[in-house]
Amino acid sequence: MGLGNPLLDISAEVGQDILDKYDLKLDNAILAEEKHLPIYKELVDNYSPQFIAGGATQNSIRVAQWMMTANGKPGQSAYMGCIGNDPFGKQLEECAAADGVCVHYMKDESTPTGTCAVLVKGGERSLVANLAAANNFKPSHLETAESKAIYESARVYYIAGFFLTVSVDSLKIVAEHALANNKTFCLNLSAPFIIDFFGDQVATALEYADFLFCNESEAAAYAKKHNLGDDLKEVALKIAASPKKNASKPRTVIFTQGSSSTIVACDGKVEEFTVTPLPKEQLVDTNGAGDAFVGGFLAGLLEGKDVGSCVEAGHWAARFIIQQSGCSLTKACEYKFYEHN
């Protein structure tokens, strides 16, 4: 089960001019400030964008279900977040349902569904999120009978760090349930700004994390903030060994590094897993690559696979997604877990 910020991606190929105009960097994700708000209309008016279901956690859950469906396990996932009662919200609902995810959205009658501008240049992306309704998720939604039935029946939970700006109390309800029932709780650091400006919220969530995901720039930001040094393998080991509420299982820390090897640390040991590079001409854009990796990894966890097999599934999913525009599941998943033991 995922809990996060459901956003509709407005994705377009752009030139350096618009990145400069809005003071944006590639391979980065930010929350929209006042100065960024005209960008959504500008993309729609001038760039013939694609509208793609997004939101980091929702992407990961969709990919996980896509892979599980291909392995004979439909209907194994659920997702919650807050949307508006509008056409964008309906589009998100239809997309998630088409991918086989049970969505149970909180609906805000007075706020529009959140959007994310995805500016793609040379295969890399810059993300500008306008959370809108996604920012209004409340713990009360988790107190409904339907919500309780959903999260109490789940075995694995995943929340991206982006949700830490919205409702830490909601995260704690799910995390405490996981802790009390010895279930698996997974967290993603998501973006450098989360680490830099929401440090207390990250610290609260991290104590619950059995699995922690982030990319190399987020790992470096965390290391810098906490004086953990420059060696990412050492950083991973230190985060794995940091305080944890469920002491019965060690924390596993996973750092993805694009086409460079993935670092995995657990229980005082660190491993690296090689990524098979994709020929440059097959790369469409990197938007959703990290989300897809987590989706593949989560599917592996639900299949009862070891960490190495989960990483392999994550690499496969990310490789598929970077050959699509955004996190688009354009055909049936061809990955079979029984072929990758």
Side-chain angles (χ1 to χ4, degrees), residues 1-10 29 31-32 51-65 76-118 127-144 146-154 156-175 177-178 185-188 190-191 194 198 201 205 213 288 290-292 294-295 298 326-327:
M1 185 204 115
L3 180 61
N5 301 338
L7 305 172
L8 191 70
D9 284 354
I10 302 174
L31 289 178
F51 294 87
I52 305 163
T57 302
Q58 184 165 247
N59 285 344
S60 295
I61 300 300
R62 286 171 50 231
V63 169
Q65 183 57 66
Q76 295 286 301
S77 65
Y79 173 79
M80 294 188 221
C82 187
I83 61 172
N85 189 5
D86 55 19
F88 279 0
K90 197 164 171 35
Q91 202 170 335
L92 279 182
E93 215 159 9
E94 286 168 0
C95 180
D99 292 328
V101 178
C102 165
V103 288
H104 181 46
Y105 292 131
M106 181 175 182
K107 291 186 180 167
D108 186 320
E109 297 295 331
S110 59
T111 316
T113 295
T115 48
C116 183
V118 180
L127 307 179
V128 188
N130 182 18
L131 297 183
N135 202 36
N136 295 340
F137 190 89
K138 303 285 186 291
S140 57
H141 187 66
L142 294 170
E143 291 160 13
T144 64
E146 189 177 348
S147 294
K148 277 189 170 163
I150 289 169
Y151 77 74
E152 288 177 359
S153 65
V156 175
Y157 303 88
Y158 175 62
I159 300 180
F162 293 122
F163 191 70
L164 293 171
T165 74
V166 173
S167 179
V168 175
D169 288 344
S170 299
L171 176 144
K172 284 178 74 173
I173 290 169
V174 172
H177 171 80
F185 185 80
C186 308
L187 179 72
N188 200 317
S190 295
I194 300 288
F198 297 89
Q201 293 90 330
F213 301 93
D291 302 337
V294 173
L298 293 174
C327 200

**Q** Does any N or O in the side chain of Ser190 come within less than 3.5 Å of the main-chain N or O of Ala160, such that one atom is a donor and the other an acceptor?
**A**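 Checking the backbone N and O of Ala160 against the side chain of Ser190, no donor-acceptor pair under 3.5 Å is found.
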**Q** If every non-hydrogen atom of Gly326 is compared with every non-hydrogen atom of Ile52, which pair is closest and at what distance?
**A**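 Scanning both residues, the minimum pair turns out to be CA-CD1, 4.1 Å.
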**Q** How close do Gly84 and Ala133 get, counting heavy atoms only, and between which atoms?
**A**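 Looks like N-CB, 3.5 Å.
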**Q** Sequence neighbours excluded, which residues qualify as side-chain contact (heavy atoms from CB on, under 4.5 Å) partners of Ala205?
**A**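 Listed in chain order: Leu164, Leu171, Leu187.
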**Q** At their closest point, which heavy atom of Gly161 faces which heavy atom of Ile194, and how far apart are they?
**A**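 Reported closest heavy-atom pair: O-CD1, 3.6 Å.
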**Q** Mind running side chain to side chain contact (heavy atoms under 4.5 Å, CB included) on Asp291 and Val63 for me, showing each step along the way?
**A** CA-CA 8 Å; Asp291 302 337; Val63 169; over 6 Å; no
**Q** Do Gln201 and Val168 touch side chain to side chain, with heavy atoms closer than 4.5 Å?
**A**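 Yes; the side chains approach each other to less than 4.5 Å.
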**Q** Let me confirm one number: the OG-CD1 distance from Ser170 to Ile159, rounded to the nearest 0.5 Å.
**A**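 That separation rounds to 8.5 Å.
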**Q** Counting C-beta onward and ignoring hydrogens, is there a side-chain heavy-atom pair between Asn188 and Tyr158 closer than 4.5 Å?
**A**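 In contact.
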**Q** How about Cys95 and Arg62: do any of their side-chain heavy atoms sit closer than 4.5 Å?
**A**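 Counting from C-beta outward, Cys95 and Arg62 do come under 4.5 Å.
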**Q** Is there a donor-acceptor contact under 3.5 Å from the side chain of His177 to the main chain of Lys148?
**A**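 No, His177 side chain to Lys148 backbone: no donor-acceptor pair under 3.5 Å.
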**Q** Which atom names give the shortest non-hydrogen contact between Gly2 and Thr57, and what distance separates them?
**A**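 Smallest interatomic distance, heavy atoms only, reads CA-CG2, 3.7 Å.
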**Q** Starting at CG of Leu8, measure out to CG of Leu92 and round the result to the nearest 0.5 Å.
**A**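 CG of Leu92 is found 5.0 Å from CG of Leu8.
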**Q** For Cys102 versus Ile150, what's the shortest heavy-atom pair and its separation?
**A**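 Answer, listing the atom of Cys102 first, then Ile150: SG-CD1, 4.3 Å.
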**Q** Under 3.5 Å, is there a donor-acceptor pair between the side chain of Gln58 and the main chain of Gly54?
**A**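 Confirmed, Gln58 side chain pairs with Gly54 backbone.
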**Q** Please assess Glu93 against Val103 for the test side chain to side chain contact (heavy atoms under 4.5 Å, CB included), listing each intermediate value before the final yes or no.
**A** CA-CA 7 Å; Glu93 215 159 9; Val103 288; 3.9 Å; yes
**Q** Please examine the side chains of His141 and Cys82, heavy atoms only from C-beta on, and report whether any two atoms are closer than 4.5 Å.
**A**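 The answer is no, as the side chains (C-beta and beyond) never meet within the 4.5 Å cut-off.
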**Q** Sort out for me which residue in Asn135, Thr113, Asn136 forms a side chain to side chain donor-acceptor pair (under 3.5 Å) with Asp108.
**A**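 Result for side chain to side chain donor-acceptor pair (under 3.5 Å) with Asp108: Asn136.
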**Q** Just so I know, are the side chains of Leu7 and Thr115 near enough to count as touching, which here means a heavy-atom distance under 4.5 Å?
**A**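 No, their side chains stay 4.5 Å or more apart.
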**Q** I'd like to know if the side chain of Ser147 and the backbone of Glu143 have a donor-acceptor N/O pair within less than 3.5 Å.
**A**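 Here the side-chain-to-backbone pair does not exist.
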**Q** Output the distance between atom CZ (Phe51) and atom CD1 (Ile10), rounded to the nearest 0.5 Å.
**A**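 Separation between the atoms: 5.0 Å.
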**Q** Could you check if a side-chain atom of Phe213 sits within less than 4.5 angstrom of a side-chain atom of Cys186, using non-hydrogen atoms only?
**A**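 They are in contact (side-chain heavy atoms under 4.5 Å apart), so the answer is yes.
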**Q** Could you go through the side chain to side chain contact (heavy atoms under 4.5 Å, CB included) check for Ile83 and Lys107 one step at a time?
**A** CA-CA 5 Å; Ile83 61 172; Lys107 291 186 180 167; 3.9 Å; yes
**Q** Compare every heavy atom of Phe137 with every heavy atom of Met106, then report the nearest pair and how far apart it is.
**A**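 Taking every non-hydrogen atom into account, SD-CA, 3.9 Å.
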**Q** Check the pair Tyr151, Tyr157 against ring pair (Phe, Tyr, Trp, His ring centres under 6.0 Å), reporting the backbone distance first and the verdict last.
**A** CA-CA 8 Å; Tyr151 77 74; Tyr157 303 88; 7.3 Å; no
**Q** Which distance, rounded to the nearest 0.5 Å, do you find between the CG of Leu142 and the CE of Met80?
**A**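 If I round to the nearest 0.5 Å, the distance is 5.5 Å.
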**Q** Rounded to the nearest 0.5 Å, what separates atom CG in Asp9 from atom CG in Asn59?
**A**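 The CG atom of Asn59 is 6.5 Å from CG of Asp9, to the nearest 0.5 Å.
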**Q** Hey, what do you get for CD1 (Ile173) to OG (Ser140), rounding to the nearest 0.5 Å?
**A**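 The OG atom of Ser140 is 8.5 Å from CD1 of Ile173, to the nearest 0.5 Å.
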